[in-house]
*Asks:* 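Pasting a structure here, questions to come.
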There are 2 protein chains.
Amino acid sequence: MELSNLNIEKYLKQNGIKPSYQRIKIFEYLVKHRNHPTVDIIYQELVKNIPTLSKTTVYNTLKLFLEKRIIQLIVIEENETRYDADITTHAHFKCEKCGRVYDIRVDLTEMKIEGLKTFQVKENHIYFKGICEKCLKENK
Amino acid sequence: MELSNLNIEKYLKQNGIKPSYQRIKIFEYLVKHRNHPTVDIIYQELVKNIPTLSKTTVYNTLKLFLEKRIIQLIVIEENETRYDADITTHAHFKCEKCGRVYDIRVDLTEMKIEGLKTFQVKENHIYFKGICEKCLKENK
DNA sequence: AATTAAAATGTAATGATTATAAATTGTCAA
DNA sequence: TTGACAATTTATAATCATTACATTTTAATT
């Protein structure tokens, strides 16, 4: 299902989450922007329209979303935790210049890993660092 | 070259690092244990034999090693930064039960990624989470 | 409307990392 | 060998993201 078209309230309910105003807005932010934001980015954006919003609420809500597995954690840099409402398998690319985090489609079926045969794998994470196309062009 | 057999003092010099006692011991710890330790683990182990050791020195030294590219950063959990003296391309697996971080050999040549064509990739990181073989057996 | 539970909020506490300044050690010319 | 300067280590304080906790607000139920 395309996240951008779904009814967020319904989606939260389906996943056992009571759809409060704040929860809806936080999830909506993730779905609409798809920018892999940090807690602070989410807070700074939403507090413009929800002046009473507390950063603790953002933390609590994201933790709840993680427990219910409707978002995933992205940890690329130390001390920079980001969140993604796209929970399908995909990789990320972080540009060292502009700091943007891009979604990268990867085909993991190609990747057969001997060393993991005897392990029970629950999550896989792939990310790259470098310079994005946009920044490469600008620096010419 | 096998890191475990090399002369650490020489290796540091070759990479533009003045081989002080602390630096040698910290690098030696990484090479001998290969356990992807945190700063605290390194500090707690080394301070047993170097009572004057400061945690700041461990931080400074690891930062220097990173700049000189003789170690790599491993960030799997938020708020848990680990270090690895093996700078060859390989993946990691963190066990959710015992917390151990395993090295996993992967063949990245198989992984052709359309979305990265126009980007300049400098680093790639792959990690998995789940239950390791040891813990799977113990829980039976 | 009253009662209770859930959620949101504000503030304080925690803990890893970084900044800063002082002390120690190493280097090298005189 | 000594003195002076630079590099390194150390100890302490500051920072900042996250978590803990207590209070207030909102929602649900009778």
Side-chain angles (χ1 to χ4, degrees), chain A residues 8-10 12-13 15-30 36-68 70-83 94 99 101, chain B residues 8-9 12-13 15-29 36-68 70-83 94 99 101:
Chain A
I8 288 172
E9 203 172 322
K10 198 174 164 189
L12 293 182
K13 274 184 197 162
N15 286 279
I17 296 165
K18 199 174 293 183
S20 72
Y21 182 70
Q22 288 85 341
R23 288 170 178 177
I24 291 170
K25 286 301 173 188
I26 290 169
F27 194 74
E28 186 180 72
Y29 180 86
L30 287 167
H36 317 91
T38 61
V39 164
D40 203 59
I41 291 171
I42 297 170
Y43 173 75
Q44 296 301 340
E45 283 305 309
L46 293 186
V47 80
K48 292 174 184 169
N49 296 316
I50 316 169
T52 60
L53 183 66
S54 161
K55 199 176 273 189
T56 306
T57 300
V58 181
Y59 276 106
N60 290 342
T61 303
L62 292 170
K63 176 173 278 188
L64 176 67
F65 289 173
L66 282 171
E67 284 164 3
K68 299 296 186 180
I70 65 168
I71 64 171
Q72 68 167 311
L73 208 63
I74 306 176
V75 189
I76 296 180
E77 310 283 353
E78 45 175 347
N79 299 329
E80 192 186 82
T81 305
R82 295 169 173 275
Y83 299 86
K94 172 156 183 179
V101 175
Chain B
I8 288 172
E9 203 171 323
L12 294 180
K13 275 185 195 163
N15 286 279
I17 297 165
K18 200 174 290 181
S20 73
Y21 182 70
Q22 287 87 342
R23 288 170 178 176
I24 291 170
K25 287 300 173 188
I26 289 168
F27 194 75
E28 186 181 73
Y29 180 86
H36 318 91
T38 61
V39 164
D40 203 60
I41 291 170
I42 297 170
Y43 173 76
Q44 296 301 340
E45 282 304 309
L46 293 186
V47 80
K48 291 175 185 170
N49 296 315
I50 315 169
T52 61
L53 183 67
S54 161
K55 199 176 271 190
T56 307
T57 299
V58 181
Y59 276 106
N60 291 341
T61 302
L62 291 170
K63 176 173 277 189
L64 177 66
F65 289 173
L66 281 171
E67 284 164 4
K68 298 297 185 179
I70 63 167
I71 64 171
Q72 68 167 313
L73 210 61
I74 307 176
V75 190
I76 297 180
E77 311 282 353
E78 47 177 345
N79 300 331
E80 191 186 84
T81 305
R82 295 169 173 275
Y83 300 86
K94 173 156 183 179
V101 175

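In this text, all values refer to a predicted model and were calculated from it rather than measured experimentally.
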*Asks:* When the distance from CD of B:E78 to P of D:dA17 is rounded to whole Å, what number comes out?
*Replies:*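 Going from CD in B:E78 over to P in D:dA17 covers 13 Å.
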*Asks:* Pick the closest DNA chain D nucleotide for B:R23 and for B:N79 by heavy atoms, then say which residue is nearer the 5' end.
*Replies:*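 Counting from the 5' end, the first nearest nucleotide belongs to B:R23.
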*Asks:* Return the nearest nucleotide to the side chain of B:T61; candidates are D:dT9, C:dT17, C:dT18.
*Replies:*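 Per side-chain heavy atoms of B:T61, the pick is D:dT9.
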*Asks:* Separation of A:L64 atom CG from D:dT19 atom P, in whole Å?
*Replies:*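 Rounded to whole Å, this separation is 14 Å.
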*Asks:* Could you state the atom-to-atom distance from OH of B:Y21 to C1' of C:dT24 in whole Å?
*Replies:*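 Rounded to whole Å, this separation is 16 Å.
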*Asks:* Between A:Q22 and D:dT26, does any side-chain N or O lie under 4.0 Å from OP1 or OP2?
*Replies:*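 Negative; the distance criterion is not met.
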*Asks:* Take atom NZ of B:K18 and atom C1' of C:dT25, then tell me their distance rounded to the nearest Å.
*Replies:*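 So the two atoms are 11 Å apart, to the nearest Å.
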*Asks:* Which parts of residues 43-60 of chain A get close to DNA chain C, meaning a heavy atom less than 4.0 angstrom away?
*Replies:*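 Per residue number, the list reads A:T52, A:L53, A:S54, A:T56, A:T57, A:N60.
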*Asks:* Without swapping roles, check the side chain of A:R82 against the backbone of A:H36 for a donor-acceptor pair under 3.5 Å.
*Replies:*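 A pair under 3.5 Å: yes.
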*Asks:* Is the shortest side-chain heavy-atom distance between A:I71 and A:F27 below 4.5 Å?
*Replies:*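 In short, these two side chains touch, coming nearer than 4.5 Å.
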*Asks:* Given side chains that start at C-beta, do those of B:R23 and B:I8 come closer than 4.5 Å, heavy atoms only?
*Replies:*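 The answer is no; the side chains never approach within 4.5 Å.
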*Asks:* If we only count heavy atoms from C-beta on, is the B:L62 to B:I42 side-chain gap below 4.5 Å?
*Replies:*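 Yes, side chains in contact.
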*Asks:* So what does A:T81 touch, heavy atoms closer than 4.0 Å: a base, only the sugar-phosphate, or nothing?
*Replies:*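 The answer is sugar-phosphate, as A:T81 gets under 4.0 Å only of primed atoms, P, OP1 or OP2.
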*Asks:* Under the side-chain hydrogen bond (donor to acceptor under 3.5 Å, both in side chains) criterion, do B:Q22 and B:T57 qualify, and how do the steps go?
*Replies:* CA-CA 8 Å; B:Q22 287 87 342; B:T57 299; 5.9 Å; no
*Asks:* Please state how far atom CD in A:E77 lies from atom C1' in D:dT18, giving the value in whole angstrom units.
*Replies:*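 From A:E77 CD to D:dT18 C1': 18 Å.
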*Asks:* Tell me, do A:E77 and B:V75 make a side-chain contact under 4.5 Å, heavy atoms counted?
*Replies:*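 When only atoms from C-beta onward are counted, B:V75 and A:E77 do not touch, as no gap falls below 4.5 Å.
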*Asks:* Is there a side chain to side chain contact (heavy atoms under 4.5 Å, CB included) between A:N15 and A:F65? Walk through the geometry before answering.
*Replies:* CA-CA 9 Å; A:N15 286 279; A:F65 289 173; over 6 Å; no
*Asks:* From CD of A:E67 over to P of D:dT19, roughly how many Å is that when rounded to an integer?
*Replies:*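 Taking atom P of D:dT19 as the reference, CD of A:E67 is at 11 Å.
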*Asks:* Measure from CD1 on B:I24 to P on C:dG26 and round the result to the nearest Å.
*Replies:*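 After rounding, the gap between these two atoms is 11 Å.
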*Asks:* Measure the distance from CZ on A:F65 to C1' on C:dA8 and round it to the nearest whole Å.
*Replies:*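 Checked: the CZ to C1' distance equals 14 Å.
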